[in-house]
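Below, all heavy atoms of this structure are taken into account, side chains as well, without hydrogens, waters or symmetry copies.
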Amino acid sequence: MAGNFYSVRCDDCENEQTVFGKASSEVACAVCGTTLVRPAGGKAEIEHEIVETVESR
């Protein structure tokens, strides 16, 4: 399984969370519950600021 992991900063609460770039389900912020990532049939739509690529595969 190839894909990247990204560190994403929530625009609402400034929490940073690691997410998978090909997520198959919605990923919510662990602090405030805002949706950070939505599945889009392959590569996921990351709706907030990407801080860095944590791991590339």
Side-chain angles (χ1 to χ4, degrees):
M1 174 169 63
N4 297 329
F5 288 90
Y6 300 99
S7 181
V8 176
R9 179 178 294 129
C10 178
D11 294 336
D12 295 340
C13 70
E14 302 296 319
N15 177 50
E16 287 188 18
Q17 189 167 322
T18 302
V19 298
F20 186 53
K22 293 185 177 182
S24 61
S25 60
E26 286 189 358
V27 178
C29 176
V31 175
C32 68
T34 301
T35 301
L36 299 175
V37 178
R38 293 189 193 277
K43 191 170 184 179
E45 293 179 10
I46 299 174
E47 299 181 348
H48 294 263
E49 178 186 356
I50 298 174
V51 178
E52 68 178 322
T53 301
V54 178
E55 182 178 340
S56 295
R57 290 186 173 209

In residues 19-30, what donor-acceptor pairs under 3.5 Å come from side-chain atoms, sequence neighbours left out?
residue	atom	partner	partner atom	Å
Lys22	NZ	Ala2	O	3.2
Glu26	OE2	Arg38	NH1	2.6

(message) Restricting to side-chain hydrogen bond (donor to acceptor under 3.5 Å, both in side chains), what partner residues turn up for Thr34, sequence neighbours left out?
(response) Asp12
(request) Report yes or no: does His48 contribute a side-chain atom to a donor-acceptor pair with the main-chain N or O of Val37 at less than 3.5 Å? (result) no
(message) If I take atom CG from residue Leu36 and atom CG from residue Asp11, how far apart are they, to the nearest 0.5 angstrom?
(response)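 That separation rounds to 9.0 Å.
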(message) The criterion is side chain to side chain contact (heavy atoms under 4.5 Å, CB included); which residues satisfy it with Glu16, sequence neighbours excluded?
(response)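 Ser7, Arg9, Val51.
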